[in-house]
Amino acid sequence: MPVSRYSLLGTRYSKTMHRWSELFIPTLREAPADAEVASHKFLVRAGYIRQLAAGIYSYLFLGNRSFNKIIRIVREEMDKIGQEYYLPALHPRELWEASGRYALMGENLFRLKDRKGTDMCLGMTEEEVMTSIALKELRSYKQLPQIWYQIAPKFRDEPRPRSGLLRVRQFMMKDSYSFDIDAAGLDVSYKKHYEAYCRIFDRCGLKYMVVEADSGAMGGKESHEFMVRTPAGEDQIVSCDGCDYAANMEKATSKLEAVTDLVAEGDGKPLLVHTPGQKTIEEVARYLGVSPKNKIKTLAYMADEVDEKGKKKSRAIVVLMRGDHQLNEAKFNATVATATRPMEEPEIEALFNSPAGYLGPLGIEWARDLKNHGGKPLLLVDKALEGRVNLIAGANKKDYHLKNLTPGKDFHPTAYADLRSVTAGEACPNCGKPLRIDTAVEVGHIFKLGYRYSESMGLRVLDRNGKEVMPIMGCYGIGIERILTAAVEQGNDNDGFWLPAAIAPFEVVVAPVNVKDEAVRNASEDIAKRLEAAGFDVVLDDRDERPGVKFKDADLVGIPFRITVGKKVTEGTVEVVLRETREVCDVTISAIVEYLQGVLRRSG
RNA sequence: CGGGGCGUAGCGCAGCCUGGUAGCGCACCUGCCUUGGGCGCAGGGGGUCGUAGGUUCAAAUCCUAUCGCCCCGACCA
């Protein structure tokens, strides 16, 4: 069977040759006005999707075919490492309260009531459901490890759905969960996912990169994101062309060039200097004739917390950065493990006894420890300031700054932490070459969860000594429509897009130039049938349309190969057109199957 | 949630300021014509002007409310 070729690609959709004239492929000459990004415009124009509501889309014939091909690849690879489940999307409130996420997820969780008035919600992910199964069923270390997954719709009431399929409210997700007896086991499950994900994205034809990611405030240890570079993306990733370093902005670091510290003035003690009207870092630096690198930027935040009794309390958190550096709020929030907001003017006055613009770390009693802070304000200092001397900061007095400030000597930070956003061109922490920053779409995420759910939901098994232990978990996600979206973003031009053959709705479109010409028509039918028999997903454009119409549609809808059947059939020849390069090649009709198999093998 | 924009035929838009017959291009239907890049000619169908209320002799147009969609920001295990 020539189908053996398909063990290579493994994407054959169904054993049916489709005739364009009988299909519903509503292509549009113009994109809807509200589409901004390329993938959104083209998927609508190509008749893949139609919008139902903000962030909610219907998949038409072509879209669904591509979608199913992606799912098939994901399923095949996941089946190699885990077991597929099918879990409900409709969850009882209690389940989410058990994990503490009912409150945590806030407005992003879709909530509804059943007829009896019972609170329900729509699943955003399935940690709770999977863990509850594990909770009821897993008893012994002998049953571990387990990897369970599903491919099912997820619901998130996003504050702002956008960019077509990139950020939506209902989407298809492959989510899997691993349960291991110990951290070493989790390492294995994690690695299996890492490798499976690489195979999945490779087979889907994506040019992706794997970046170190922040595991957030969830207490996880290790996390990687699978990213596809595209200007349409919402994430920023930092990477190095010189080595394989790559991380997202929340995690990225860089090697900083050494800074020349100022020489102490006077007796070396903090020295008050008059800086009338000079508020910004730039103004002060220029006024004093120093570089912003020798200045301290003082940022004031509040963490609003609610204690067990429901009482609100706010804690002041002050951050010191090098004058020319930007605070990364994700790093900051991860460090303090809570949500924060900038201080308001009265709060600044209350803590510093000074107007904004002249803030500094002196004269305030800071907490000694991040956890046991005793209600005192926290002073977090960015690592770039560690070891620096004779810096300049605000004096907490209008129109005055202080010179000769040395952290650890003149004031005592609660903690040093990496709080800085890397900027493009800084040196790679591994090899020193300049770093680049790109926007990207996150198509997959693997994450060592740890004991977050085992603990909150009370998951225990007996180990080989008969002792109760908490299994350790990992969770792993892939956004199905994001694969499609990223593929479209990755391959498009003015006329449309081309998908990698493995995820294209059809691999080949056979386009007879004139269906009223009997020789052309017969040859087209013959070619389409032979390709179909050889295992290709093929569509025959048998519409009685002018060639221009067929070519335009073929260019638009993402099919990677076109066979144009025209006058040259009388010589026994047709044209094979590669959509991506527009390379055209005359091929003998009798050799067409072998030819395409060869092309596919090279491109696939 | 803050800021901005838009809802008129399937799609893209004009008309609104200055109230008085609802229009254009594409798509669609019929016929003829044409057949290697959205061809041409002729004829034709299709719109509660997002919704509700108000002002007016008269509202797509002015006023109020409301719903929806898009963009920027905030948010995003």
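A note on names: the letters A, B, ... follow the listed sequences, proteins ahead of strands, and every chain is numbered from 1.
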*Distance, C1' atom - from G20(B) to G15(B), rounded to whole angstrom*: 14 Å

*Length of the NZ-P vector between K552(A) and G36(B), whole Å*: 15 Å

*Name the nucleic acid region contacted by R50(A), choosing base, sugar-phosphate or nothing; use a 4.0 angstrom heavy-atom cut-off, strictly under.*
nothing

*Do R543(A) side-chain and G38(B) base share a donor-acceptor contact under 3.5 Å?*
no

*Could you give the distance separating G10(B) and G47(B) at their C1' atoms, to the nearest angstrom?*
12 Å

*Considering residues at least two apart in sequence or located in another chain, which fulfil the salt bridge (Lys or Arg N to Asp or Glu O under 4.0 Å) criterion with E128(A)?*
R101(A)

*For RNA chain B, whose closest nucleotide is more 5', that of L556(A) or that of E234(A)?*
L556(A)

*According to a strict under-4.0 Å criterion, is K550(A) in side-chain N/O contact with OP1 or OP2 of G36(B)?*
no

*asked:* If you only use heavy atoms from C-beta on, which nucleotide in A77(B), C26(B), G36(B) is closest to the side chain of K568(A)?
replied: G36(B)

Are any protein N/O atoms closer than 3.5 Å to N/O atoms in nucleotides 69-74 of chain B? If there are, list each pair with its distance.
{"unit_1": "C69(B)", "atom_1": "OP1", "unit_2": "A54(A)", "atom_2": "N", "d": "2.8"}
{"unit_1": "C69(B)", "atom_1": "O2'", "unit_2": "D34(A)", "atom_2": "OD2", "d": "3.1"}
{"unit_1": "C70(B)", "atom_1": "OP1", "unit_2": "Q51(A)", "atom_2": "NE2", "d": "2.9"}
{"unit_1": "C71(B)", "atom_1": "OP1", "unit_2": "S163(A)", "atom_2": "N", "d": "3.3"}
{"unit_1": "C72(B)", "atom_1": "OP2", "unit_2": "R160(A)", "atom_2": "NH1", "d": "3.1"}
{"unit_1": "C72(B)", "atom_1": "OP2", "unit_2": "R160(A)", "atom_2": "NH2", "d": "2.7"}

*State whether K550(A) and D544(A) are salt-bridged, where the test is any N-O pair (Lys NZ or Arg NE/NH1/NH2 against Asp/Glu carboxylate O) under 4.0 Å.*
no

*C1' atom, U55(B) versus G38(B): distance in rounded Å?*
48 Å

*Would D541(A) and R562(A) pass as an ion pair if we require N to O under 4.0 Å?*
no

_Rounding to an integer number of Å, can you tell me how far R29(A) CZ sits from G37(B) C1'?_
11 Å

_Looking only at the aromatic ring of each residue, does the gap between the centers of Y48(A) and F497(A) stay below 6.0 angstrom?_
yes

*On RNA chain B, check which nucleotide each of C475(A) and N514(A) is closest to and give me the residue with the more 5' one.*
N514(A)

*Determine whether the aromatic ring centres of H18(A) and F506(A) lie less than 6.0 Å apart.*
yes

*Rounded distance in Å - CG (D157(A)) to C1' (A77(B))*: 16 Å

*Opposite nucleotide pairing with U34(B), Watson-Crick or G-U, both atom distances under 3.5 Å*: none

*For K41(A) and G12(B), what is the distance between atoms NZ and C1' respectively, to the nearest whole Å?*
13 Å

*Indicate, yes or no, whether a donor-acceptor pair under 3.5 Å links the base of G36(B) to the side chain of E575(A).*
yes

*Are any of the side-chain nitrogens in R530(A) or E525(A) under 4.0 Å away from the carboxylate oxygens of its partner?*
no

What nitrogen or oxygen pairs link the protein and nucleotides 32-34 of chain B at under 3.5 Å?
{"unit_1": "U34(B)", "atom_1": "O2'", "unit_2": "R546(A)", "atom_2": "NH1", "d": "3.3"}
{"unit_1": "U34(B)", "atom_1": "O2", "unit_2": "R546(A)", "atom_2": "NH1", "d": "2.9"}

*N-O pairing of E195(A) and K191(A) below 4.0 Å*: yes

*Euclidean distance, atom CG of residue D553(A) to atom P of G38(B) [Å, nearest integer]*: 12 Å

*Given atom CD of E545(A) and atom P of G40(B), what is their separation to the nearest angstrom?*
13 Å

Report, one pair per line, the protein and nucleotides 46-50 of chain B atoms (nitrogen or oxygen only) whose separation is under 3.5 Å.
none

*In the structure shown, which nucleotide is the Watson-Crick or G-U wobble counterpart of C6(B), with both distances under 3.5 Å?*
G68(B)

*Pairing partner of G47(B) (Watson-Crick or G-U wobble, both distances under 3.5 Å)*: none

*What distance, rounded to whole Å, do you find between the two C1' atoms, one in U8(B) and one in C1(B)?*
31 Å

*Determine the interplanar angle of the H40(A) and Y57(A) rings, folded into 0 to 90°, and report it as parallel if under 30°, tilted if 30 to 60°, perpendicular if over 60°.*
perpendicular

_Near RNA chain B, counting only heavy atoms under 4.0 Å, which residues of residues 576-591 of chain A show up?_
none

*Taking the six-membered ring for Trp, are F447(A) and Y177(A) ring centroids under 6.0 Å apart?*
no

*Inspect the contact between R521(A) and D517(A) and indicate whether a charged nitrogen and a carboxylate oxygen are less than 4.0 angstrom apart.*
no

*E30(A) CD to C26(B) P: how many Å, rounded?*
11 Å

*Side chains of E127(A) and T125(A): is there a donor and an acceptor less than 3.5 Å apart?*
yes

*Report the base-pairing partner of A22(B) (Watson-Crick or G-U wobble, both distances below 3.5 angstrom), or none.*
none

*Would you please indicate if the ring centroids of F24(A) and F61(A) are separated by under 6.0 Å?*
no

_Set of residues satisfying salt bridge (Lys or Arg N to Asp or Glu O under 4.0 Å) with respect to E347(A), sequence neighbours excluded_ = R341(A)

*Protein-nucleotide distance (F24(A), atom CZ; G10(B), atom C1'), rounded to Å*: 9 Å

*Select base, sugar-phosphate, or nothing to describe what D555(A) touches, counting heavy atoms under 4.0 Å on all strands.*
base

_Using a heavy-atom cut-off of 4.0 Å across all strands, would you classify E158(A) as base, sugar-phosphate, or nothing?_
nothing

_Do S21(A) and D542(A) pair up side chain to side chain, a donor and an acceptor below 3.5 Å, judged on atom types alone?_
yes

*In the structure shown, which nucleotide is the Watson-Crick or G-U wobble counterpart of U61(B), with both distances under 3.5 Å?*
none

*Are any of the side-chain nitrogens in K568(A) or E575(A) under 4.0 Å away from the carboxylate oxygens of its partner?*
yes

*Inspect the contact between R543(A) and D553(A) and indicate whether a charged nitrogen and a carboxylate oxygen are less than 4.0 angstrom apart.*
yes

*asked:* Applying a 4.0 Å non-hydrogen cut-off, can you work out what M105(A) is touching in the nucleic acid: base, sugar-phosphate, or nothing?
replied: sugar-phosphate

*When the C1' atoms of G37(B) and G73(B) are considered, how many whole Å apart are they?*
43 Å

